[in-house]
Each structure stands twice: as C-alpha cells, then as structure tokens.
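Some notes on the structure that comes next.
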Amino acid sequence: MTTANKETLGFQAEVKQLLQLMIHSLYSNKEIFLRELVSNASDACDKLRFEAMSDPALFESDSELKIRVDFDKDARTVTITDNGIGMSRQEVIENIGTIARSGTRAFFDNLTGDSKKDANLIGQFGVGFYSAFIVADRVTLTTRRAGLSAEHGVKWESGGEGEFTLENVDKATRGTQVVLHLREEDAEFANDWRLKSILRKYSDHITLPIVMVKSPGYDKDGNITPAEGDETVNQASALWTRSKNDISEEQYKEFYKHVAHDYDEPLAWSHARVEGRQEYTELLYIPKRAPFDMWDRERRHGVKLYVRRVFIMEDADKLLPHYLRFVRGVIDSSDLPLNVSREILQHSKDIDGIRAGCTKKVLDLLGQMAENEADKFATFWQEFGQVFKEGVGEDHANKEKIAKLCRFASTQADTDAQVVSLDEYIGRMKEGQDKIYFITADSFAAAKNSPHLEVFRKKGVEVLLLADRVDEWLTSNLFEYAGKQLVSVAKGDLDLGKLEDEAEKEEQKKAADDYKALTDKIKEVLGERVKEVRITHRLTESASCIVVEEHAMSGHLERLLKQAGQKVDASKPILEINPSHMIVQKLHSNLDGEHFGDWSHILLDQAQLAEGGQLEDPATFVKRLNGLMMALSA
Ligand SMILES: Nc1ncnc2c1ncn2[C@@H]1O[C@H](COP(=O)(O)OP(=O)(O)OP(=O)(O)O)[C@@H](O)[C@H]1O
C-alpha cells in the first residue's frame, strides 16, 4: 500500500462545536449512529446508480450494490462498507470536516446552551456522519470515487477532537468503508445480535441489501455452531412498493426519518398507488417541524423521484409546487424513462400530471387533518402556515381548497393565534353582513389596535387580523371565498351594506355635508400630502385615519416593497376624520383658528403613525406637537 500526501487538517469551528454537543447530548440514544451511517451508504449507492445510467463503466463490473456491516469484538470495531459512489480527496475535504450545508448558521444561532433543548435541536438538524463519534473515539474512513483508479483512494482519520488526517491510499474496490473504534463503554455495539436488531429497527426500509455474517446457531446440545456465509438483515424492498397493510406505523415512521433526514417523527403521511393516465406510487410526509432551511433558496432536501424503484434525483421544485416545499417523501413513476434528466422534467407532461396528483393528495391529507385532528393541524399551521399561504397566489387551480385550509387571527379572540378558518368566519357573520373583512399591518399589535377597526368592534363584526409578510400577497390574490368578497377595512369607501341602517346612512350623509367646510379647509392646508379629506364612518374613538383607494396599494404593502428596496409609486392617502371627536369638533367651530394648520397636519401624522407607518418629517411633527401643547397649557 502506498501512502503519500499525508496531511493534518483542522475541523471547521462549527464542526467541533457540533461534535461536542452531539457526544454529550445524544448519549441516551447512541444507536442512531448506525442508522446515519447506513443511510449515507445507501445514498451513496443511489448516487452511483444514477450516475452509472449515463456512464455504465462506473460499475467497474460490480453492479450489485450493497452495504456490509461487520464487527470485531476483540478489536472493538464496527465497520460499515458500501460499494457506492465513494469520494475523491477533494470531496472528502468538502464533505467531512466542514459543514457545507445551508441552515447550519441557523442551527448555531438557535443553540440555547441548555443541553436538553439543544439535544432536541440536533435531532431536528440531522446528525449525519459525525454521529459516528457518539460511540467511537477514533473513526477511519477509506474511500474511492467510482471511476477513479485504485491509487486514488483516500484515508481520513480522526479522534473527533479538533483535527483529522488525510492520506492517499490504494483502494481496489470503489466506495466507502467506515471503521468505528468503539469507546470502551460502547463495546456492546460490537455484537452480532445488537447490530442486527438496530438494523432491523432503523434500516429495514433501505432498498439495498444490508449484509452481515450469518449469526451462529446452536446444536441440539446447546453448543454454539459457527455459521458460514452472509445473510441479508433487512427486507431490502422499497417500502413504498409494499401494500399498505404490510407496513407498520413504525416502518412508515422510520422510513420518514430516512428520506427526510429528520430525527423526529412525521406529523402525517399519504401513501397511494395511482393508476390511470400516469402510473406512480407516492409516499408523502408532512414533517412535524419546519427545517432550518425552509426559507433558503439553496435548501437541499425535497421529494425524491424514483423510476421503477431506481433513484433518479431529489428535487424540491418540480415534483411539488413551491408552497408545499416542506413535504418529504418519494414518488416512484412507472412511466418516465430511466434516463430522465432535469431538463426533461421541466417539460414533461407526465411530471405535470404527477405534480397535480400529488398536490391534490397533500391538500386532501391536510383537509382530513383539519377536520379530524385539530391539534395536529394546529401544529402544522404553526410550522408551515406562512409558507402554505403562498399557495393562494401560486396555485390557481387549487386556490379555493388552499384558502379553505388557511387559518387567521381575528378580532373574535383578539389574540395572535391563527386559528380562524374562512368557513368559521362565514359561519359567524352578522345578519346582513355579506363580506369578509380583514386588515393587513406590519405587526399583530398594529393590526389589532388599528383605528380602522373601531366601527367593526362597535358593531360586533369580526375582522381578520393579518400581520404576516405573506398576507399582502394572499389578499392580493384572493378576492373572494365561497361567494363572499374579501374586503380590506382600510381601503376604499367603506360600504357596510346592510350592517348599517338607513338612519346611520342618513346621518353620515348629513355629517359629510355639515363638515364640508372643514374637510375642504384641511385639504387646502395639507395640499399634496393627501388625495382627499373626508368624513369617516369607520372611527368611533380616534380622531382620524388613513385609507387608500379600493385598488391602490395598502400602506403596509408600500412599506414592505420599500424595505425590499423597490421603487414604489405610492398613491396619495385619503384622510378621514371623525366628526364626533373633540379635536375635529373644535376645529370645525374655529376654522380660522391660529393653530388650524398645525392641527390639520397632526391629524394626518397621527393617522400615519397609528397604522404603523413612518413620518417623512418626524422632527416637524414633534415641533408642531410641542407648539400645540404649549398653546393649550398657556
Ligand atoms: N458512505 C458515503 N459515501 C459517499 N459519500 C458519503 C458517505 N458518507 C457521507 N458522504 C458524504 O458526506 C456528506 C456529509 O454526510 P453527512 O451524513 O454528515 O450529511 P448528509 O448525509 O449530507 O446530511 P444529513 O445527515 O443531514 O442527512 C454527504 O452529503 C456525502 O456527500
């Protein structure tokens, strides 16, 4: 064996931290190291099979992909070997020793220092290769990339402390071998029965055979008789191809952990074989928790595509719409060609059909959950509601279905818990109410305390309180639900329809006439700052509020776009003033008062502040306010 190029490299600081955390927080569930390493081996074989489709030479006359697990009680080692894709020296450096994955930052940012909570986080994060160090104080990984010659083998070794060594070695067979030198207290894992039972528990669904030396038997006198040859420990059949009745809950859950790279159990799943124009099997899961990289454009995991049980690719974008990007699982098509590429996927009618079918399955699954398992649905909404809401704008074909599943906060409970469905809202509508009212704002507090709600509160009409960023997108795409119009309480002429009686309408008309001189004068003072000044019927307590025209951009959306650096052609606001408010009455009775101008500006400024906006000229506002206070106290 030639060795050369031996070098010692340091782990990335974050890896060191991760290793420390893992070793100290996962001691109660040490056996998962085997699941993680077998899972990596299986992924490596999948990758090889895929690459070999366009380059069969990669198989090097050994196309029977499998994983081997061996142990040596005396040497206290456990060895996991695969004949998958392997790694080049550069790949070893990139993959093992650094953490390249997105979401890592978020993981470290989320650490609390409380080891219990952090252990939980590690779980969500997925422990991967480094879990080897839970039971081993030294790990030796030898690997060779398929397609490279024997002398391109690489040996990586580390005690998991702070460094690892790398050297070139000869490796006749392609693939990866990981030798775990067990800690003394973890010697129990170098045991036939123990390893097999862990493999059956966690890795039964792995589609490749996991091979171990046959267990010894006993003769009729009870003496141990050594067995010869190997045996396959797992069932090695693609779980999703089995009939539902043959799969236990446990197996479904374990399979989820494998495909989703999650440590937690799934929230729900849908498993079906679809026949008809397209034939495929889907096994799709809703996770319990949002992955760290849900908002990351470069997130790595999604739904896995198989063609007749051969792994093709993991793709987050083509198999399901973007707003369902949290779904994990597999889709196995019977129709697609094996050599399907990303480019083909892009324009494939088959894929379109599969995508539509799977979307429907997921929405049905969520629908059932909403109906029958309220707690689970609440968990789902908490974790994925914001992403899911994108669907209203993204998936027109299913808009109504998606909207039905959406949950919102409302003035009914007046808390920020998003629990009200549109159906529930409609069920509670007041007599004479024919619209669904909502308000969007920058924060829940701004929505809840908005002056625009005053008349609704007075009349006991429920208003949805929308303060997620995505809500503007949602409401600009959902104009109607179940035949009821969705209306912003901060836009247009407020038409309360039958919620107002004739007397009230008369009164408003009269107030508008009575106060015309006042509104005209304020408009004259404010000039270009406003489009119009008028008498309100939204307010009962506040002096003023701002509204925009029916189809104009809301103040909130305008601020969001500005924050995002976009140039916004803002429309001028309409100032509405409340004729029953003292300030307004005072101004009305003294149109030529000395401070009329200041009061007018302040009515506009405070309305802007109340809806969460920022003043263009806050210093002048403060100056005016102080001036008025001085005048009042004089
Ligand atoms: N047996 C193996 N053969 C080839 N490459 C491997 C093997 N084990 C690990 N790797 C490489 O090392 C990378 C890091 O592995 P690790 O288990 O830490 O994370 P992961 O499997 O990518 O993610 P996760 O564990 O969250 O699912 C893998 O993505 C893969 O590229």
Side-chain angles (χ1 to χ4, degrees), residues 11-12 14-16 18-19 21-22 26 32-51 58 65-69 78-104 106-107 121-134 139-148 152-156 158 160 164 166 171 173-180 202-203 206 208 210 254-264 287 289 291-293 296 298-302 304 311 313-314 316 328:
F11 281 127
Q12 211 182 31
E14 285 163 353
V15 176
K16 271 193 252 174
L18 178 66
L19 279 168
L21 261 171
M22 204 154 53
L26 291 178
I32 56 150
F33 78 89
L34 193 56
R35 172 182 79 197
E36 298 293 328
L37 296 178
V38 165
S39 184
N40 281 351
S42 158
D43 289 348
C45 291
D46 279 345
K47 278 184 207 155
L48 173 65
R49 191 150 37 187
F50 182 61
E51 284 193 21
L58 291 176
L65 299 174
K66 62 176 175 221
I67 302 165
R68 258 199 91 81
V69 177
V78 172
T79 302
I80 296 101
T81 312
D82 67 68
N83 57 355
I85 191 78
M87 285 176 271
S88 65
R89 188 173 175 123
Q90 191 51 35
E91 284 169 326
V92 173
I93 295 176
E94 279 164 16
N95 295 329
I96 300 186
T98 56
I99 302 185
R101 65 187 103 204
S102 48
T104 315
F107 169 73
L121 268 182
I122 285 203
Q124 289 179 51
F125 179 65
V127 283
F129 173 77
Y130 302 109
S131 65
F133 290 100
I134 303 174
V139 176
T140 314
L141 173 141
T142 319
T143 185
R144 171 166 68 76
R145 182 91 166 65
L148 298 180
H152 284 96
V154 185
K155 184 167 141 189
W156 176 101
S158 175
F164 59 91
L166 264 188
K171 189 172 183 304
T173 51
R174 65 149 198 273
T176 304
Q177 179 173 69
V178 181
V179 183
L180 309 178
Y202 290 120
S203 306
I206 298 276
L208 305 165
I210 305 173
E254 267 320 310
F255 182 67
Y256 165 75
K257 291 179 188 173
H258 168 67
V259 298
H261 300 259
D262 193 356
Y263 180 78
D264 220 335
R289 259 189 282 242
F292 283 107
D293 54 358
D296 196 324
E298 281 167 42
R299 67 192 181 281
R300 302 177 323 149
H301 295 306
K304 290 186 176 182
F311 172 74
M313 66 182 79
E314 183 158 0
R328 299 287 179 267

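Order of listing sets the numbers, starting from 1, for every ligand and every atom in it. Heavy atoms only: backbone and side chains are in, while hydrogens, waters and symmetry mates are out.
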I'd like to check whether [X] has a polar contact with ligand 1, where a contact means an N/O of the residue lying under 3.5 Å from an N/O of the ligand.
X	answer
I96	no
D43	no
Y130	no

- Query: Hey, mind stepping through V178 and F129 against side-chain contact (heavy atoms from CB on, under 4.5 Å) and telling me if it holds?
  - Reply: CA-CA 10 Å; V178 181; F129 173 77; 4.2 Å; yes
- Message: Can you name the atoms of ligand 1, numbered from 1 with element, that are less than 4.0 Å from a heavy atom of K47?
- Response: 31 (O)
- Message: Would you say that D43 contacts I85 through its side chain, given a criterion of any heavy-atom pair below 4.5 Å between the two side chains?
- Response: no
- Message: I want to check something: taking the side chain as every heavy atom from C-beta on, are F164 and I96 in contact at a cut-off of under 4.5 Å?
- Response: no
- Set of side chain to side chain donor-acceptor pair (under 3.5 Å) partners for S39, sequence neighbours left out: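 Partners of S39 by the side chain to side chain donor-acceptor pair (under 3.5 Å) criterion, ordered by chain and then number, come out as H258.
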- Among the heavy atoms of E94, does any lie under 4.0 Å from an atom of ligand 1? no
- Can you list the residues that meet the side-chain contact (heavy atoms from CB on, under 4.5 Å) rule with R174, with sequence neighbours excluded?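 Here the qualifying residues are L48, F59, E60, D62, L65, N83, R144, A146.
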